[in-house]
*Asks:* 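Following this message is one structure expressed as structure tokens.
Whatever order the structure lists ligands and atoms in, that order sets their numbers, starting from 1. These numbers come from a predicted model, not from an experiment. Positions are given from 1, in the same order as the sequence printed here.
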Amino acid sequence: MHLGHSHEGPAAVSADATRPDGTRRALRIGLGGPVGSGKTATVAALCRELRDRLSIAVVTNDIYTQEDAAFLLRNAVLPPERIQAVETGACPHTAIRDDISANLEAVEDLEDAVGPLDLILVESGGDNLTATFSKGLVDAQVFVIDVAGGDDIPRKGGPGVTTADLLVINKTDLAPYVGSDLERMALDAKKQRGELPVAFTSLTSAEGVGPVADWVRARLAAWTA
Ligand SMILES: Nc1nc2c(ncn2[C@@H]2O[C@H](COP(=O)(O)OP(=O)(O)O)[C@@H](O)[C@H]2O)c(=O)[nH]1
Ligand SMILES: [Mg+2]
């Protein structure tokens, strides 16, 4: 089922939050951020943490390959029919912000094939600090940076750091090795974001993706309430 969203503009799409039978459609969460910050690792960890209780699907975006989808398949975080790859063929942010039709199609295909879904995670291709999702594609967005990318990233700001619904600062385990000051990152993030939440994660530690999973559960509770 394709509803011709691409011609209606983002506002028309985001208003469409219910299924034809009146139930709330799946919550769509976008994950963006620089290459290598841990977006795919976060998606994989979220699937493992949430898949027993929630019906989940994933859309990945890569420029010329399907490597992120292949990684998720190899690691069997979800059955293959719940993972769809979009090859953007251009700047990744174009496919999540300007011409979202391929991503919307993927989201709708997943809902048709394996729905009803509770949650769809859309991973952007790795980009710079300015990439954000269209509100017509996702209901909330997570921006993932990591401590090894430099502890001045929160201070530098940019739309991802400043406006994402959740800022994830990943790879805290690496902070001692790269000389990143986590306290300073937290202070800078607070200055840029005000009351918007920030989660520090290390996907190699026991606590892992826990803070992000808690945030997703809270968003989902609000979405379905
Ligand atoms: N040390 C450490 N490595 C991580 C962590 N999270 C992800 N990685 C590694 O960082 C690399 C890039 O992660 P990936 O999820 O592919 O990044 P993406 O490009 O943002 O999707 C991979 O080798 C991951 O195993 C973390 O918390 N700590
Ligand atoms: Mg990735």
Side-chain angles (χ1 to χ4, degrees), residues 28-50 56-78 80 82-97 102-103 106 120-133 137-138 141-151 153-154 158-161 164-182 185-186 189 198-216:
R28 301 172 186 165
I29 295 182
L31 292 98
V35 176
S37 61
K39 296 179 295 299
T40 305
T42 300
V43 167
L46 281 174
C47 289
R48 289 195 191 98
E49 178 111 357
L50 301 171
I56 307 176
V58 172
V59 178
T60 63
N61 281 260
D62 273 309
I63 304 178
Y64 298 120
T65 66
Q66 304 196 344
E67 275 185 42
D68 285 347
F71 176 90
L72 297 173
L73 287 169
R74 242 184 356 263
N75 287 273
V77 299
L78 289 177
R82 288 176 179 263
I83 300 172
Q84 275 231 14
V86 171
E87 276 185 47
T88 60
C91 303
H93 65 250
T94 305
I96 60 162
R97 194 184 56 200
N103 271 285
I120 303 178
L121 301 172
V122 182
E123 180 186 343
S124 166
D127 207 322
N128 53 32
L129 296 174
T130 65
T132 52
F133 286 83
L137 177 59
V138 300
Q141 44 193 311
V142 178
F143 200 72
V144 183
I145 61 174
D146 71 279
V147 308
D151 63 5
I153 291 184
V161 165
D165 298 292
L166 176 68
L167 176 66
V168 173
I169 301 179
N170 186 32
K171 307 193 192 180
T172 54
D173 56 294
L174 298 182
Y177 305 106
V178 295
S180 283
D181 181 343
L182 296 182
M185 292 183 92
V198 180
F200 282 86
T201 55
S202 165
L203 301 178
T204 56
S205 77
E207 205 184 320
V209 81
V212 186
D214 289 344
W215 178 85
V216 170

*Asks:* Any atoms of ligand 1 less than 4.0 Å from a non-hydrogen atom of D173? List them with their elements.
*Replies:*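 Heavy-atom distances to D173 below 4.0 Å select 1 (N), 2 (C), 26 (C), 27 (O), 28 (N).
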*Asks:* Purely on distance, is any nitrogen or oxygen of T201 under 3.5 Å from one on ligand 1?
*Replies:*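 N/O-N/O distance below 3.5 Å does not exist for this pair.
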*Asks:* Hey, which atoms in ligand 1 end up nearer than 4.0 Å to a heavy atom of A41?
*Replies:*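 Once the distances to A41 are compared, the set is 7 (C), 15 (O).
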*Asks:* Looking only at N, O or S atoms, which one in E123 sits nearest to the Mg ion (ligand 2)?
*Replies:*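 Nearest to the Mg ion (ligand 2) within E123's N, O and S set: OE2.
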*Asks:* N/O to N/O below 3.5 Å, does that happen between T42 and ligand 1?
*Replies:*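 No: no nitrogen or oxygen of T42 is under 3.5 Å from one in ligand 1.
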*Asks:* To the nearest 0.1 Å, how far is atom 16 (O) of ligand 1 from its closest protein heavy atom, and which atom is that?
*Replies:*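 For this ligand atom, the closest protein heavy atom is T40 CB, 4.1 Å.
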*Asks:* Side chains of E123 and T40: donor-acceptor distance under 3.5 Å anywhere?
*Replies:*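 There is such a pair (donor and acceptor under 3.5 Å, judged by atom type) between the side chains of E123 and T40.
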*Asks:* Looking at OG1 of T42 and CD of E49, how far apart are the two atoms once the value is rounded to the nearest 0.5 Å?
*Replies:*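 CD of E49 is found 12.0 Å from OG1 of T42.
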*Asks:* Does S37 come within less than 4.0 angstrom of ligand 1, counting non-hydrogen atoms of the residue?
*Replies:*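 Yes.
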*Asks:* Starting from the C-alpha separation in whole Å, work towards a yes-or-no answer on side chain to side chain donor-acceptor pair (under 3.5 Å) for D173 and S202.
*Replies:* CA-CA 6 Å; D173 56 294; S202 165; 2.9 Å; yes
*Asks:* What residue and atom, counting heavy atoms only, is the protein's closest point to atom 13 (O) of ligand 1, and at what distance?
*Replies:*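 Heavy-atom neighbour on the protein nearest atom 13 (O) of ligand 1: G38 CA, 3.8 Å.
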*Asks:* For ligand 1, find out whether one of its N or O atoms is nearer than 3.5 Å to an N or O atom of L174.
*Replies:*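 Among all N and O atoms of L174, none is under 3.5 Å from an N or O of ligand 1.
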*Asks:* If we count only N and O atoms by modelled type, under 3.5 Å, do the side chains of S37 and D146 hold a donor and an acceptor together?
*Replies:*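 D146 and S37 do not have a side-chain donor-acceptor pair below 3.5 Å.
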*Asks:* Under 2.8 Å from the Mg ion (ligand 2), is there an N/O/S atom belonging to D62?
*Replies:*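 No.
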*Asks:* Mind checking whether T132 and Q141 have side chains closer than 4.5 Å, heavy atoms only?
*Replies:*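 Yes, at least one pair of side-chain atoms sits under 4.5 Å.
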*Asks:* Whether the T201 and N170 side chains hold a donor-acceptor pair (N or O, under 3.5 Å, no angle test) is what I'd like checked.
*Replies:*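 There is such a pair (donor and acceptor under 3.5 Å, judged by atom type) between the side chains of T201 and N170.
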*Asks:* Which heavy atom of the protein is the closest neighbour of atom 12 (C) of ligand 1, given with residue, atom name and distance?
*Replies:*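 For this ligand atom, the closest protein heavy atom is G36 O, 3.5 Å.
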*Asks:* Rounded to the nearest 0.5 Å, what separation is found between the CD1 atom of I56 and the CD1 atom of I120?
*Replies:*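 Answer for the CD1-CD1 pair, I56 versus I120, is 11.0 Å.
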*Asks:* To the nearest 0.5 angstrom, please state how far the NZ atom of K39 sits from the CZ atom of F143.
*Replies:*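 If I round to the nearest 0.5 Å, the distance is 8.0 Å.
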*Asks:* When rounded to the nearest 0.5 angstrom, what distance separates OH in Y177 from CG in L174?
*Replies:*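 One finds 8.0 Å between OH of Y177 and CG of L174.
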*Asks:* Counting only non-hydrogen atoms of the protein, does one fall under 4.0 Å from atom 2 (C) of ligand 1?
*Replies:*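 Protein heavy atom within 4.0 Å of atom 2 (C) of ligand 1: present.
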*Asks:* If you compare all heavy atoms of A85 against all heavy atoms of A69, which two are closest, and at what distance to 0.1 Å?
*Replies:*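 Closest heavy-atom pair between A85 and A69: CB-CB, 3.7 Å.
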*Asks:* Nearest protein heavy atom to atom 23 (O) of ligand 1: under 4.0 Å?
*Replies:*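 Given the 4.0 Å cut-off, atom 23 (O) of ligand 1 does not count as touching protein heavy atoms.
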*Asks:* Is the distance from the Mg ion (ligand 2) to the nearest N/O/S atom of T40 under 2.8 Å?
*Replies:*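 Under 2.8 Å: T40 contacts the Mg ion (ligand 2) through an N, O or S atom.
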*Asks:* Looking at every heavy atom in both L203 and A41, which two are closest together, and how far apart are they?
*Replies:*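 Result for this residue pair: CD1-CB, 3.5 Å.
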*Asks:* Write the atom name of the N, O or S atom in D68 that is nearest the Mg ion (ligand 2).
*Replies:*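 The atom in question is OD2.
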*Asks:* For the CG atom of L121 and the CG atom of L78, what is their distance to the nearest 0.5 Å?
*Replies:*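 That separation rounds to 8.5 Å.
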*Asks:* Find all atoms of ligand 1 within a distance of less than 4.0 Å from any non-hydrogen atom belonging to S202, and give their numbers and elements.
*Replies:*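 Here the atoms of ligand 1 in question are 27 (O).
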*Asks:* Examine the proximity of ligand 1 to L203 and report which part, side chain or backbone, both or neither, has a heavy atom under 4.0 Å away.
*Replies:*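 Contact part for L203 vs ligand 1: both backbone and side chain.
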*Asks:* Please list, in number order, the atoms of ligand 1 under 4.0 Å from a heavy atom of E123.
*Replies:*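 In order of numbering, the contacting atoms are 21 (O).
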*Asks:* Please report the interatomic distance CG(L182) to CG(D151), rounded to the nearest 0.5 Å.
*Replies:*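 Rounded to the nearest 0.5 Å, the CG-CG separation comes to 8.5 Å.
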*Asks:* Could you identify the single nearest non-hydrogen protein atom to atom 6 (N) of ligand 1 and state the distance to 0.1 Å?
*Replies:*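 Looking at atom 6 (N) of ligand 1, the protein heavy atom closest to it is N170 ND2, 3.0 Å.
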*Asks:* May I ask you to check if any N/O/S atom from E67 comes under 2.8 Å of the Mg ion (ligand 2)?
*Replies:*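 No N, O or S atom of E67 is closer than 2.8 Å to the Mg ion (ligand 2), so no.
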*Asks:* With nothing but distance in play, are any N or O atoms of V35 less than 3.5 Å from an N or O of ligand 1?
*Replies:*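 No; the residue has no nitrogen or oxygen that sits under 3.5 Å from a nitrogen or oxygen of the ligand.
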*Asks:* Which part of T172 is near ligand 1, with near meaning a heavy atom under 4.0 Å away: side chain, backbone, both or neither?
*Replies:*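 Under 4.0 Å from ligand 1, T172 contributes no heavy atoms.
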*Asks:* Any donor-acceptor pair under 3.5 Å linking the side chain of D165 with the backbone of V142?
*Replies:*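 Between the backbone of V142 and the side chain of D165 there is no qualifying donor-acceptor contact (under 3.5 Å).
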*Asks:* Would a search of protein heavy atoms around atom 18 (P) of ligand 1 find one under 4.0 Å away?
*Replies:*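 Within 4.0 Å: yes, protein heavy atom nearby.
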*Asks:* Considering non-hydrogen atoms of the protein only, which is the closest contact for atom 4 (C) of ligand 1, and what is the distance?
*Replies:*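 Answer for atom 4 (C) of ligand 1: K171 CE, 3.7 Å.
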